Structures are given as C-alpha cells and as structure tokens.
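All chains are named by letter (A, B, ...) in the order of the sequence lines, taking the proteins before the strands, and each is independently numbered beginning at 1. Quick caveat: nothing in here was measured; it's all calculated off a predicted structure. Excluded from the calculations below are hydrogen atoms, water molecules and symmetry mates; all remaining heavy atoms, backbone and side chain alike, are included.
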There are 2 protein chains.
Amino acid sequence: MSDFAKPTLDDVARAAGVSTATVSRCLNAPDRVIAPTRERVMKAVEALGYTPDFGGRALASRRTNTVGAIIPTMDNAIFARGLQSFQEALSKFGKTLLVASSGYSPAREREQMEVMAGRGVDGMLLIGSARPDSSVDFLRRRGIPFLGAWNLGDAEGYFVGFDNHAAAAELTQMVLDKGHRRLAMIAGISQMNDRAADRMEGVRATAERAGIARAQLPVIEAAYTFDDGARAFGELMALSPRPTAVMCGNDVLAVGAMQKARELGLGVPEDVSITGFDDIDLASVVAPKLTTIRVPHRRMGEAAAEMLIKLINKQPVERQIEIPTAIVERDTLGPPPVDHSA
Amino acid sequence: MSDFAKPTLDDVARAAGVSTATVSRCLNAPDRVIAPTRERVMKAVEALGYTPDFGGRALASRRTNTVGAIIPTMDNAIFARGLQSFQEALSKFGKTLLVASSGYSPAREREQMEVMAGRGVDGMLLIGSARPDSSVDFLRRRGIPFLGAWNLGDAEGYFVGFDNHAAAAELTQMVLDKGHRRLAMIAGISQMNDRAADRMEGVRATAERAGIARAQLPVIEAAYTFDDGARAFGELMALSPRPTAVMCGNDVLAVGAMQKARELGLGVPEDVSITGFDDIDLASVVAPKLTTIRVPHRRMGEAAAEMLIKLINKQPVERQIEIPTAIVERDTLGPPPVDHSA
DNA sequence: AATATCAATGTAAGCGCTTACATTGATTTA
DNA sequence: TAAATCAATGTAAGCGCTTACATTGATATT
C-alpha cells in the first residue's frame with residue numbers, strides 16, 4: 001500500500017494552474033468551463049489520479065447520491081430479488097445503495113433509519129407501511145423522501161406495491177368456487193407486518209362474505225420458514241373437522257405445509273388443497289407444483305427506484321403505483337375430497 | 001416536510017451548555033466525559049433529535065465506517081444469504097453496508113469498485129478471486145483492505161471461503177464409488193468465475209484419476225438458471241452412450257435438470273443420478289430430494305465480516321479461513337442402471 | 001469610441017465534525 | 001501549605017469540497 005497522500009482538489013488546481021472552483025466546475029458542470037481549460041484540468045486529474053473525496057463533497061453540497069433501503073431480510077427471496085433490480089435501476093442514475101435489515105422489527109428499522117439519515121441518504125426505501133408514527137415523523141422532519149414498497153398504503157405517503165388484500169381475496173374466492181367450505185390459513189406474523197395482515201384479512205373477509213364465520217376459519221400465524229409452516233400445518237390437520245384447504249401467507253409456508261402433508265400421508269390436492277403467495281422459484285419446482293399468486297418483484301424494484309428518484313428530484317409522482325398480481329393455477333388446489341361424514 | 005434545520009453539534013453543545021468537543025466526545029469516547037455531563041449532553045441529543053452528519057464526520061475523521069460489497073447478484077440465494085449475515089455482523093461493529101452487483105462481469109465489478117472507493121469505504125468484500133490484476137492493483141494503491149469470499153484464493157490476498165475443488169472432487173469420488181463410469185457435468189460458466197472453474201476441475205480431475213479420460217466426460221457450461229440447466233440436461237441425455245450421472249455446478253442447475261428428467265420420463269436416480277452444489281433451500285424440497293454439498297453461507301458471511309473488520313483495524317489475521325463443507329446424501333444419487341448394452 | 005453585457009474564472013466563506021493543544025480546578029505529594 | 005499532577009473540558013484549526021459573489025476581459029450595442 002503506497003503512502004502517497006491522496007491528491008486533493010487543491011493539488012489538481014495547482015497542477016493545472018487554475019483555481020479550485022474551476023476544477024470543481026470541470027467535474028460537476030463541465031459546460032461552465034471553456035474547452036481548453038477543461039482539458040488542462042482533466043489532464044491534471046488523470047495525472048494525479050485524483051478522485052473527489054466523498055466526505056468533503058457531501059459536506060459542502062449537502063447531497064450524497066446515496067439511497068438507503070431497509071428491508072426485513074435478504075433471506076427472503078422476494079426482497080433479495082426486488083432489491084437486486086432496485087439497485088440496478090438506481091445505479092443507472094448514479095446513485096449507490098446502502099442496505100440494512102430490520103429483521104421485521106420496527107425498533108431495528110427505526111435504528112437503521114437513524115443511521116441512514118445520519119449518512120445523509122437522499123431518499124429511502126422501506127417495506128410496507130406498518131410502523132410507528134414516530135418513525136414516519138422522523139423521516140418527514142428530516143425532509144428525507146421515502147416510499148413504502150410491497151404493498152399499497154393507506155391515506156398518506158408514497159407507495160409502489162400491490163393490493164395484498166385483494167389478491168388474497170381473489171384466490172380465496174377461487175378456493176371457495178372449487179367447493180371448499182372448511183378453509184384454514186397459515187398466515188405470516190401479522191403484527192407490524194401489513195402484508196401479512198392484509199393477506200390474512202383478504203382471506204377472512206372473503207370467506208365471511210361466503211357465509212363462513214370467522215370463528216370457523218382457523219388461522220395460525222407462523223414465521224416465514226419451512227419448519228414453522230410444517231408445524232402449523234400439522235396443528236391444522238389435527239383439527240376436527242379437518243380443513244380441506246389450507247391457504248398460506250407465502251410460498252415458503254406453503255412448501256413447509258406440503259412437506260408435512262407428505263409426512264402425514266396426505267395427498268395434495270386429493271386430501272387437502274394448499275395455496276401459496278409470491279410465486280418464488282420454489283413454487284414451480286416442488287411436486288406437485290404450487291398454486292399461488294404471482295407478484296412481479298423485479299418490476300416492483302424498478303418502479304420503486306424510478307419513483308424514489310423522482311421524489312428526490314422533486315418531480316411530480318403519482319402517490320401510489322399498483323403492480324398487478326395474478327393467480328397462477330398449478331396443481332395444489334383441487335376440489336375438496338368427498339365428505340363421508342355427511 | 002418541515003423546514004426545521006437539522007440540528008448540528010453546535011446546537012447540542014449550546015443546549016447542553018458545553019463545548020462541541022465535549023459533545024463529540026460523548027458520542028465517540030463516552031468514558032472521556034464525566035457522567036453528569038454526559039447525561040446532560042445525551043438529554044440534549046435526545047431532545048433535539050440530533051444525529052451526527054456523515055459528511056462532516058467523514059471529512060474530519062477520515063473514516064466512513066462504511067464497507068462495500070460487490071457481489072455477482074442477489075438473485076442467487078447463496079449470495080443473498082451470505083450478504084444478510086455479513087450485514088448483520090457488520091452492523092454490530094457500527095459499520096454500514098454499501099451494496100453493488102457486478103452481474104458476473106469483471107468490468108462492472110471494476111466500475112463499482114471505483115464508485116465505492118470514491119465513497120471512501122473502509123474495506124471491501126468481493127466474491128472469488130478471478131479478476132484482472134488491474135482491479136486488484138487499484139484497491140492496493142488506494143490502500144483499501146479487501147477480501148475474497150466463497151472460495152480460497154491462490155498465493156496472495158485474504159480469503160474466507162471453501163475449497164470448491166476439493167468439495168467437488170469428494171462428491172465425484174462418491175459418484176464413482178456408486179459405480180458410475182459415464183459421468184457428465186453441467187457447470188457454471190467458468191470464465192472469470194473461479195468457483196465454477198474450480199468445481200469443474202474438481203470433477204474432471206477426480207474422474208481422470210479414476211481412469212476416465214477428459215474427452216469422455218462431457219461438460220456443458222450453463223448460466224445459473226433452471227432453464228439453462230434443463231436445456232443442458234436435455235443435450236446430455238441425447239448423447240450416446242447416455243451418461244448415468246450428471247453432476248451440476250449448483251443446485252439451481254440441478255433442479256433444472258431434474259425437471260427436464262421428469263419431462264423426458266427419466267427416473268431419478270433409477271435412470272440417471274443428479275447431484276447439486278450449495279444446498280440451498282430448494283435442494284431439500286424438490287422430489288426426490290437433491291444430493292448436494294452443503295456450504296454454510298451464513299457462517300461465511302459472518303466470518304467475512306469479522307475478518308474484514310480486523311483487516312480494517314490492522315489487527316493480525318490469518319490469510320485464509322476455510323469454511324468446511326459436507327456432502328449431503330439425499331435421494332438423487334444412486335447406483336447406475338444396469339447396462340443392457342454390454 | 002464609450003458603455004453595457006456576458007462568459008470565464010477567481011476569491012473566499014463556510015458545510016459539521018474531530019482532535020491537538022490549552023486551560024482549569026481539584027487532588028495528591030512533599 | 002505550595003507545588004506537581006491529572007482528569008475534565010474548552011478553544012480553535014482544519015478536513016476537501018461547493019458555490020455565492022467578485023473580478024476580468026472580450027464582445028455586442030449605441
């Protein structure tokens with residue numbers, strides 16, 4: 001490692017025989033400098049191997065060209081995928097991405113918000129809308145533009161996402177149309193997770209409208225892991241009467257449920273139907289293939305990036321951008337088994 | 001958005017009736033300030049909602065507490081997972097994570113390196129060791145500590161990873177021990193990807209040692225997608241004589257191959273054995289379950305974080321940390337079918 | 001030819017923070 | 001009790017950059 005001191009603007013200015021202002025202009029607004037001067041400066045930049053110091057620049061310009069993203073976890077493929085396209089889109093605009101994870105905890109999300117605010121991010125991507133007002137206030141007070149992704153919010157704020165409630169409702173209707181009456185749900189943990197809560201409510205409300213009382217629709221909340229999905233499915237199958245269709249809050253839970261079904265010797269969908277949500281790779285790879293809801297995570301990431309950039313540049317934007325979802329009918333949803341108990 | 005100016009150190013100092021130096025010390029070296037003063041200051045910090053400005057801090061201290069990671073893509077679960085634990089570990093040390101992706105292109109990796117260097121990252125995480133010398137020189141000249149992960153490097157540099165070659169070799173030996181002689185491989189694209197190249201070479205060398213000439217071991221390189229895996233598998237199955245075991249460069253390829261096998265009406269492992277690499281979630285969820293190599297990606301992420309922190313703090317570190325891998329025997333590797341052509 | 005105009009560049013004041021050094025007052029030492 | 005010591009805090013000089021404003025000299029306008 002060399003110990004040449006890192007060259008500064010001053011060094012370049014001296015080498016090129018101009019003032020620091022001119023060098024700065026060459027770098028930030030080249031057209032405000034006449035060509036011969038600019039060339040001389042750029043040559044000096046090259047020669048010295050100069051690169052601007054981020055700290056100095058951030059301090060002086062009050063801009064960082066950095067945006068932050070706080071997601072629950074990258075372990076969940078849907079966020080990893082969305083984040084990947086978010087980052088790609090961002091980098092086209094010359095922004096870099098600061099990443100942090102909250103582990104689904106609002107308190108940790110808040111901490112990370114402060115860290116990022118301290119780093120002067122130009123804008124921030126958050127997931128969903130379930131967070132204490134104080135967190136939102138913090139961002140507003142700081143004047144940091146932000147948006148929620150992966151769902152559509154309520155009254156205030158900017159969102160790019162999809163209608164978790166409606167999508168879940170639509171799938172529920174399909175399950176009902178197949179003839180199922182004894183539904184059950186393995187939901188994500190709904191506290192401070194609006195996506196999970198909306199999906200749950202979409203299922204319940206639709207079932208209720210079809211005359212199934214809430215009390216008759218068992219719901220177990222589970223963390224998004226195979227094991228928890230399997231465990232919950234086991235509990236559900238021990239119920240009597242046994243549900244004929246188990247709707248899951250995401251594909252991971254659904255696959256966990258499928259594994260448990262196999263263990264229990266239950267055929268899917270002959271003995272019990274199972275549905276997922278997200279349509280991650282897994283869904284089309286398990287056997288039988290999972291009936292689920294496709295969510296275009298990549299598209300969401302891109303749309304989020306574009307929206308956030310506009311917000312940062314104070315360009316006009318729509319308050320909510322809805323990304324369409326679609327039911328993907330595969331092989332885990334069928335009619336209920338013939339009921340011999342009747 | 002309110003236009004309260006963001007509070008500065010000065011504001012806090014004034015509110016607490018101390019100098020800026022004391023406030024700074026409270027934040028950076030609390031034990032150098034007596035308790036009552038510290039409490040008074042912290043109260044002021046709370047009250048004003050103060051958070052330090054990154055630019056100012058970076059400029060004055062010549063440190064950013066930021067580390068960069070450039071990975072091929074977060075779409076690959078193994079990197080997403082590793083990155084997640086890397087970030088968690090980092091955040092315990094008060095560092096934040098800048099993320100960029102190279103899409104497996106050395107040129108893009110280099111670009112991102114420059115961006116990150118410009119941002120004054122304290123250190124950098126890279127994947128593997130296959131990159132032009134000029135990229136490495138760049139980092140060295142800048143005095144930015146960095147390490148390669150997911151494999152072990154050659155002579156120089158720091159690494160935390162595993163021996164892709166040895167792991168692949170071991171699995172190959174197991175395949176041979178089952179009695180297979182007509183092996184084939186679907187490898188990742190090996191150019192500028194040392195993990196893929198090492199795995200490939202591990203298979204080839206072991207087969208060769210067992211008397212299988214290289215020319216008799218067909219290898220198809222494929223991008224890490226289901227479709228490409230399936231396509232390659234199709235080509236391999238069209239060969240004559242048909243391979244009895246197909247070893248894949250990662251689990252995604254293997255699962256793609258399995259799907260194609262089903263399509264072709266070939267039983268796994270009765271008609272053809274298939275192996276993977278990585279042991280991602282997928283592997284234990286497909287039917288039949290995939291025989292593969294477990295790589296503890298989380299552990300690698302953590303170890304990488306610890307090593308990088310030490311490098312940044314100029315503490316002594318081992319040059320290479322090897323993370324052990326293990327063969328996970330499941331259901332896709334069996335003995336070869338009885339050969340009626342003999 | 002005198003004046004107004006304007007593009008190109010320079011001057012210099014910070015941006016918010018850290019930290020070397022200076023100051024202060026209490027405690028220890030002789 | 002005076003001197004020495006030391007912990008706690010303050011003072012103030014930058015860190016490298018951007019940018020409002022000032023200056024200059026050339027060109028356009030009358």
Provide the start and end nucleotides, 5' to 3', of the part of DNA chain D that has atoms under 4.0 Å from heavy atoms of chain A.
D/dG16 to D/dT19

Let me test you: for the helix from C/dA1-D/dT30 to C/dA30-D/dT1, what is the angle between the axes at its two ends (five pairs each), rounded to 10 degrees?
40°

Output, in order, the C-alpha distance, side-chain angles, deciding distance and verdict of side-chain hydrogen bond (donor to acceptor under 3.5 Å, both in side chains) for A/Asn151 and A/Asn164.
CA-CA 6 Å; A/Asn151 79 338; A/Asn164 284 278; 5.6 Å; no

N/O donor to acceptor pairs below 3.5 angstrom from side-chain atoms of residues 32-41 of chain B, sequence neighbours left out:
from	atom 1	to	atom 2	distance (Å)
B/Arg38	NE	B/Pro30	O	3.2
B/Arg38	NH2	B/Val33	O	3.1
B/Arg40	NH1	B/Ala16	O	2.6

Sugar-phosphate only, base, or nothing, as touched by A/Tyr50 at under 4.0 Å among non-hydrogen atoms
sugar-phosphate

Only counting residues at least two apart or in another chain, list the ones meeting side-chain contact (heavy atoms from CB on, under 4.5 Å) with A/Leu308.
A/Val67, A/Phe86, A/Leu147, A/Leu311, A/Ile312

The complete set of ring-ring contact (aromatic ring centres under 6.0 Å, His included) pairs with one or both residues in residues 106-132 of chain B, sequence neighbours excluded, reads none

Is there a side-chain hydrogen bond (donor to acceptor under 3.5 Å, both in side chains) between B/Gln84 and A/Ser101 once you walk through the steps?
CA-CA 8 Å; B/Gln84 173 65 29; A/Ser101 58; 3.1 Å; yes

For residues 20-65 of chain A, pull every pair meeting ring-ring contact (aromatic ring centres under 6.0 Å, His included), keeping only residues two or more places apart or in separate chains.
A/Phe54-B/Phe54

Do other residues, nucleotides or ligands put more than 12 heavy atoms under 6.0 Å from B/Glu318 CD?
no

With the threshold set at under 4.0 Å for non-hydrogen atoms, list the residues of residues 25-37 of chain A touching DNA chain C in residue-number order.
A/Arg25, A/Val33, A/Ile34, A/Thr37

In chain order, what residues pass the ring pair (Phe, Tyr, Trp, His ring centres under 6.0 Å) check against B/Phe79, with sequence neighbours excluded?
B/Trp150

Please, which pairs that meet salt bridge (charged side-chain N to carboxylate O under 4.0 Å, His left out) have at least one residue in residues 74-87 of chain A, sequence neighbours excluded?
A/Asp75-B/Arg81, A/Asp75-B/Arg298, A/Arg81-A/Asp281, A/Arg81-B/Asp75

Near-strand residues of residues 58-68 of chain A, defined as heavy-atom separation under 4.0 angstrom from DNA chain C:
A/Leu59, A/Ala60, A/Arg62

Is it the case that over 12 heavy atoms from other parts of the model lie below 6.0 angstrom from the CD atom of B/Glu46?
no

Nearest-nucleotide 5' precedence on DNA chain D, B/Ala21 against A/Ser24
B/Ala21

Which pairs, with at least one residue in residues 62-74 of chain B and sequence neighbours excluded, count as a side chain to side chain donor-acceptor pair (under 3.5 Å)?
A/Arg119-B/Thr66, B/Thr64-B/Asp122, B/Asn65-B/Lys95

Please list all pairs passing the ring-ring contact (aromatic ring centres under 6.0 Å, His included) test where one or both residues lie in residues 98-128 of chain A, with sequence neighbours left out.
none

For B/Val121 and B/Gly68 the tightest heavy-atom approach is CG1-N, 3.8 Å

